[in-house]
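Reckoned from all heavy atoms, side chains included, excluding hydrogens, waters and symmetry mates.
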Amino acid sequence: MSSYRRQTSDRKSSRGKFPYIRTGLVLLVLWLIAVMLYQTYKPLPAGISYESPEYRVDQVQFLHDLTYPSADGQMEHEQQIFQRMQQIVENAEQFVVVDMFLFNNYQHKGQSFPSVSTEFTDTLVAKKNQNPDMDIWFITDEVNTNYNSAPNPLLERMKQAGIHVVITNVDPLRDSTPVYSAVWRTFFQWFGQSGKGWIPNLMATGGPDVTVRSYLKLLNVKANHRKVVVSEKTAIVSSGNIHDASVYHSNIAYEVTGPIIGDILESEQAVLNFSGGGKLPSYTAPSTDPNKGDLRIRYLTEGKVNEAVLHEINQSAKGDTLWMGMFYIASPKVLDALLEASKRGTEIRLVLDPNENAFGQEKTGIPNRPVAAELHDKSDGKIKIRWYNTTKEQYHTKMMYIAKATGDHIVLGGSTNFTPRNMNDYNLENNLWVAAPPDNSFTHDVANYFDRIWKNEDAEFTLDLDAFQEKTTFLKKIVYELQLILGLTTF
């Protein structure tokens, strides 16, 4: 009897505990949902998603890097962007401000690339040594410290020389992977990331080992993805990083002067304001006639890029030709806009990266291959697509050019891939919008760039759509759709 009473008592006691466990689990789930909702829709930090006024200028310089096979099978490298960035630093007299997503010299075993990151560091340090009072700022993403697992020797050299180095604090930005990030914010962020790493570096075997906590931070997939070099004289907005393993990627850039430099600094100051970085140098624009100049330009960041892209596609009409060179394209709104533009009679020509490799690692072809199949099929082949003929490098360009039947032609490009992560106020991004007359030298340079690679004028730059549309595209489409829904992706 006593044994029966004890068992009955134990069962009652156990049942009495379960409501507390259930209540705790329900409260935890509600908490995680609340974190997900807030961190997805919370107000952006001040100055983020920025659009400058429209300025008139006499000139915008178009720059490009292209890697391609020559007739004898050797790889050719046309490079303009890095050299011009170097010159901007060397010619600066008052200040230099750099914001660069990838900046390190880590490489996979067996790889060998020009040491552009070290060279750029040398240039910045030399400039600071020659001009100790000059304000020099270098803003970058925490990917270059392996998410705080190890210091970056190049950045440490800059600090020792007196250069202001700011690692962007991306936590105040919205979460693009809310299901995961809610768990990370609740349980793991409090422990930091620093310490002796023991997990191999996936970016490069030559990089330092990484802590588990750093990989947990990485999985939030948030970044300061901007690429800009600016002085008091001029500025370059680019799709290309100063990064050894990226040195042979094909990229584009635009160089601008005038009052827009102040807007670039203002948008960078916004990043410093939530990253604990201090005060950037002031800029006084030269006194010029605001109505002088044949070209109109605007500086755009984050979601303002998305608004401009959709507006320009939606304004395209029969007789216009829309060109796009893109590393990643996956924004459903952009895809729908392209399909509608095609129905209206806009001629659309896309040059896409086949998404075959990333820093020595083989990729699955997502998102561009399923997207290419979708655009081709839904437009009944009216949307023309070619793949850039990559080998071990990437077609890293992010540019749209609309050759209008009447009026100014439109060019928009910079750091922003046309994907939800890049366009919907998750990453930090920067682009330049340009409206130029059809007979302007800038317009000619952009048009000639696309004509050359589309028509393979002096090399095999691009390949037919069929070159990468393999039989597994349907399966990749399923994976691609799931990644878009869950946000568990890098695009």
Side-chain angles (χ1 to χ4, degrees), residues 82 85 89 96-109 111-129 132 135-173 184 188-229 241-247 268 271-278 280 359-360 427-428:
F82 174 69
M85 289 178 172
V89 176
V96 174
V97 176
V98 179
D99 192 343
M100 195 60 52
F101 169 53
L102 284 177
F103 188 83
N104 63 68
N105 55 4
Y106 308 141
Q107 301 181 21
H108 280 294
K109 184 178 180 180
Q111 292 181 336
S112 179
F113 297 104
S115 301
V116 290
S117 56
T118 300
E119 187 178 344
F120 197 74
T121 301
D122 292 343
T123 302
L124 287 171
V125 170
K127 174 60 73 171
K128 185 64 176 176
N129 289 339
D135 231 351
I136 301 180
W137 292 79
F138 194 94
I139 306 163
T140 193
D141 187 79
E142 57 193 345
V143 66
N144 299 300
T145 61
N146 296 278
Y147 295 89
N148 304 309
S149 276
N152 182 317
L154 301 177
L155 301 180
E156 294 303 310
R157 273 190 61 205
M158 291 186 202
K159 292 179 186 178
Q160 292 168 8
I163 295 170
H164 304 284
V165 175
V166 179
I167 306 298
T168 307
N169 176 18
V170 297
D171 291 351
L173 301 177
W184 179 83
F188 302 119
Q189 67 171 321
W190 320 108
F191 301 103
Q193 293 85 47
S194 62
K196 184 173 176 58
W198 58 276
I199 301 178
N201 194 310
L202 294 180
M203 181 174 285
T205 52
D209 290 339
V210 179
T211 65
V212 173
R213 287 164 288 125
S214 289
Y215 269 115
L216 292 174
K217 178 75 181 289
L218 176 154
L219 291 174
N220 289 291
V221 198
K222 298 166 72 169
N224 177 355
H225 196 241
R226 295 180 182 178
K227 303 126 174 57
V228 63
V229 177
N241 296 289
I242 303 174
H243 175 237
D244 291 13
S246 302
V247 71
E268 292 304 318
V271 178
L272 266 61
N273 289 343
F274 60 79
S275 300
L280 288 178
F359 308 118
N427 278 358
L428 296 178

Novice: Got a sec, which residues hit salt bridge (charged side-chain N to carboxylate O under 4.0 Å, His left out) with Asp171, two or more places apart in sequence or on another chain?
Specialist: Lys217
Novice: One pair to check against side-chain contact (heavy atoms from CB on, under 4.5 Å): Phe120 and Leu154. What are the steps and the verdict?
Specialist: CA-CA 9 Å; Phe120 197 74; Leu154 301 177; over 6 Å; no
Novice: For Asn427 and Phe101, run side-chain contact (heavy atoms from CB on, under 4.5 Å): C-alpha distance rounded to whole Å, both residues' side-chain angles, the deciding distance at 0.1 Å, then the answer.
Specialist: CA-CA 11 Å; Asn427 278 358; Phe101 169 53; over 6 Å; no
Novice: If you define the side chain from C-beta out and look only at heavy atoms, does anything of Tyr215 sit under 4.5 Å from Ser149?
Specialist: no
Novice: Strictly distance-based, threshold 3.5 Å: is any side-chain N or O of Asp244 a donor or acceptor partner for the main-chain N or O of Val116?
Specialist: yes
Novice: Take Leu218 and Val210, measure what side-chain contact (heavy atoms from CB on, under 4.5 Å) needs, and give me the verdict at the end.
Specialist: CA-CA 11 Å; Leu218 176 154; Val210 179; over 6 Å; no
Novice: Would Asp141 and Arg226 pass as an ion pair if we require N to O under 4.0 Å?
Specialist: no
Novice: Mind checking what makes side-chain contact (heavy atoms from CB on, under 4.5 Å) contact with Lys127, not counting sequence neighbours?
Specialist: Val89, Asn131, Met134, Ile136
Novice: Can you measure from CD1 (Ile242) to CG (Leu102) and round to the nearest 0.5 angstrom?
Specialist: 11.0 Å
Novice: Is Lys128 reaching over with its side chain to a backbone N or O of Ala161, donor-acceptor style, under 3.5 angstrom?
Specialist: no
Novice: What's the separation between atom NE2 in His225 and atom CG in Asn241, rounded to the nearest 0.5 Å?
Specialist: 6.5 Å
Novice: For Phe138, enumerate each residue passing the ring-ring contact (aromatic ring centres under 6.0 Å, His included) test, keeping only those at least two apart in sequence or located in another chain.
Specialist: Phe103
Novice: Taking Thr145 for the side chain and Pro151 for the main chain, is one N or O donor matched with an acceptor at less than 3.5 Å?
Specialist: no
Novice: Name all residues meeting the salt bridge (charged side-chain N to carboxylate O under 4.0 Å, His left out) criterion together with Glu156; count only those two or more places apart in sequence or in a different chain, and write none if there are none.
Specialist: Lys159
Novice: Return the NZ to NE2 distance between Lys227 and His243, rounded to the nearest 0.5 Å.
Specialist: 11.0 Å
Novice: In Å, rounded to the nearest 0.5 Å, how long is the span from CG of Asn144 to OG of Ser117?
Specialist: 9.0 Å
Novice: Under the side-chain contact (heavy atoms from CB on, under 4.5 Å) test, which residues partner Leu216, sequence neighbours left out?
Specialist: Tyr180, Trp184, Phe188, Val212
Novice: Specify the closest pair of heavy atoms between Leu155 and Val165, including all atoms of both residues, with the distance to one decimal.
Specialist: O-CG2, 3.8 Å
Novice: Of the non-hydrogen atoms in Met100 and Val228, which two are nearest, and what is the gap between them?
Specialist: CE-N, 4.2 Å
Novice: I need the full list of ring pair (Phe, Tyr, Trp, His ring centres under 6.0 Å) pairs touching residues 152-173, with sequence neighbours left out, sorted by first then second residue.
Specialist: Trp137-His164
Novice: Step by step, work out the side-chain contact (heavy atoms from CB on, under 4.5 Å) result for Thr140 and Ile167.
Specialist: CA-CA 5 Å; Thr140 193; Ile167 306 298; 3.6 Å; yes
Novice: Any chance you could measure Leu280, atom CG, to Leu272, atom CG, to the nearest 0.5 Å?
Specialist: 5.0 Å
Novice: At what distance, to the nearest 0.5 angstrom, does CD1 of Ile139 lie from OG of Ser275?
Specialist: 8.0 Å
Novice: Please answer whether the main-chain N or O of Lys222 pairs with a side-chain N or O of Asn220 as donor and acceptor at a distance below 3.5 Å.
Specialist: no
Novice: Taking all non-hydrogen atoms of both residues, which atom of Pro208 and which atom of Asn146 are closest, and how far apart?
Specialist: CG-ND2, 3.2 Å
